[in-house]
Protein chains: 2
Amino acid sequence: MCGSFRRTSRALTQLYEQALRPLGLRATQLTILQMLSLAGEVSQGQLGEMLTMDSTSLTRTLAIMGRRGWITARRGKDRRERRLRLASAGVTQLRSTLPVWEKVQSRLRRQLGAQAWKNLLQLTHQVTRVVKTEGGSL
Amino acid sequence: MCGSFRRTSRALTQLYEQALRPLGLRATQLTILQMLSLAGEVSQGQLGEMLTMDSTSLTRTLAIMGRRGWITARRGKDRRERRLRLASAGVTQLRSTLPVWEKVQSRLRRQLGAQAWKNLLQLTHQVTRVVKTEGGSL
DNA sequence: CCACAATACATGTATATGCATCCATATCGA
DNA sequence: TCGATATGGATGCATATACATGTATTGTGG
């Protein structure tokens, strides 16, 4: 199952990134822009939790995105935290990226069919949930 | 969809690799061992095709696995090709790894249910196939 | 046979990602 | 309040992964 997911991830990532390449961002970066757009200001740890990603792995990607001016970070009341927000350049980048993303997504959905699409989203979320909640004892 | 798959891949990879860590191999490496075990001798390009992985990405992983003595490579009749096989240490490694892998896998399958499991395998393969065959026009 | 296009990898470069470990800060118990 | 512990990130290190480009080899039309 792990191998199947990893293989499909590679295929999907290539598909999406091929479309995103002219815009100069990677799949992970788009996901982060979308997440911050939805969530507003969050800590690095919270973002990691939302993405099921090691929060220290985010340090590097966030640094790249910070250099490009897409996000800003500031210390929170708890001064260990980095609280992250979209910067205006990030909003702009996201806005110009969404149509491209949407186009790939809708074509793929058409190929797969609405039912398979829906099942996939539901099942992937279920797997993530199960692994996260039962991971220790699995 | 890409984000969902990537997130679930991260979760699954952590789950499987947590179990595999004492054995000193990564998820990708196990997949390659399994593939070579099933396929016998194949070229690097064929292996990349089977895994939906850029064949030049395999160069590094295969080098690591070669250093550990798990695989061997030789030139084919076409001397540009590297034809890959499991070495005996690779067979041994695979044999000692399979029970651990099986254990994680079966527990996860129990948590998800047989039907969801089956649907997932079928759907992920479908997505991979669609992306690979229609990728250019998507 | 030969110049040229195509193929199979190798290598350079960049990002993604996780874990172990370290530092700063916060929290909590005595 | 002070010392022990816990928490949030930063950093070092290793692997995963893709693409662009370079190199060796093969295939091909003339």
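Scope of the values below: all heavy atoms of this structure, side chains included, with no hydrogens, waters or symmetry mates. A note on names: the letters A, B, ... follow the listed sequences, proteins ahead of strands, and every chain is numbered from 1.
A donor-acceptor contact shorter than 3.5 Å is absent between the side chain of A:Ser37 and the backbone of A:Leu33. Without hydrogens or angle criteria, B:Glu17 side chain to B:Arg26 main chain gives no donor-acceptor distance under 3.5 Å. Judged purely by atom type and a 3.5 angstrom limit, B:Arg74 has no side-chain atom pairing as donor or acceptor with the backbone of B:Leu84.
Of the N and O atoms on the side chains of A:Thr59 and A:Gln44, at least one donor lies less than 3.5 Å from an acceptor on the other residue.
Each of A:Thr8, A:Thr13, A:Thr52 was checked for a side chain to side chain donor-acceptor pair (under 3.5 Å) with B:Arg6, and the lone residue meeting it is A:Thr13.
The CD-P distance, from A:Glu49 to D:dT7, rounds to 14 Å in whole Å. Summarising the geometry, the separation between CZ on A:Arg7 and P on D:dA18 is reported as 13 Å, rounded to the nearest angstrom. Remark: P of C:dA10 and CG of B:Leu47 are 12 Å apart, rounded to the nearest angstrom. Whole-Å rounding puts the A:Leu62 CG to C:dT17 C1' distance at 13 Å. Rounded to whole Å, atom P of D:dT11 lies 15 Å from atom CG of A:Leu58.
A:Thr59 has no side-chain polar atom (N or O) that falls below the 4.0 Å cut-off from OP1 or OP2 of D:dG9. Contact annotation: B:Gln46 side-chain N/O to C:dA8 OP1/OP2 distance is not under 4.0 Å.
The base of D:dC19 sits with one of its N or O atoms less than 3.5 Å from a complementary donor or acceptor on the side chain of B:Thr56.
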Identify the pairs formed between an N or O of the protein and an N or O of nucleotides 15-17 of chain D at a distance under 3.5 Å, and give each distance.
unit_1: D:dT15; atom_1: OP1; unit_2: B:Arg68; atom_2: NH2; d: 3.0
unit_1: D:dA16; atom_1: OP1; unit_2: B:Gln29; atom_2: NE2; d: 3.4
unit_1: D:dA16; atom_1: OP2; unit_2: B:Thr61; atom_2: OG1; d: 3.2
unit_1: D:dA16; atom_1: O3'; unit_2: A:Arg6; atom_2: NH2; d: 3.0
unit_1: D:dT17; atom_1: OP1; unit_2: A:Arg6; atom_2: NH2; d: 2.8
unit_1: D:dT17; atom_1: OP1; unit_2: A:Arg10; atom_2: NH1; d: 3.2
unit_1: D:dT17; atom_1: OP2; unit_2: B:Thr28; atom_2: OG1; d: 2.8

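Here the closest heavy-atom approach between residue A:Gln29 and residue A:Met65 is recorded as O-CE, 3.5 Å.
Within residues 72-97 of chain B, the residues having any heavy atom under 4.0 Å from DNA chain C are, by residue number, B:Arg75, B:Arg80, B:Glu81, B:Arg82.
Counting any heavy atom pair closer than 4.0 Å across all strands shown, A:Ser43 reaches sugar-phosphate atoms only and no base atom.
Here A:Thr31 contributes atom OG1 and A:Tyr16 contributes atom OH; the two are 10.0 Å apart, rounded to the nearest 0.5 Å. Interatomic distance, B:Gln34 CD to B:Leu51 CG, rounded to the nearest 0.5 Å: 10.5 Å.
Using a 4.0 Å cut-off between charged side-chain N and carboxylate O, A:Arg107 and A:Glu102 make no salt bridge.
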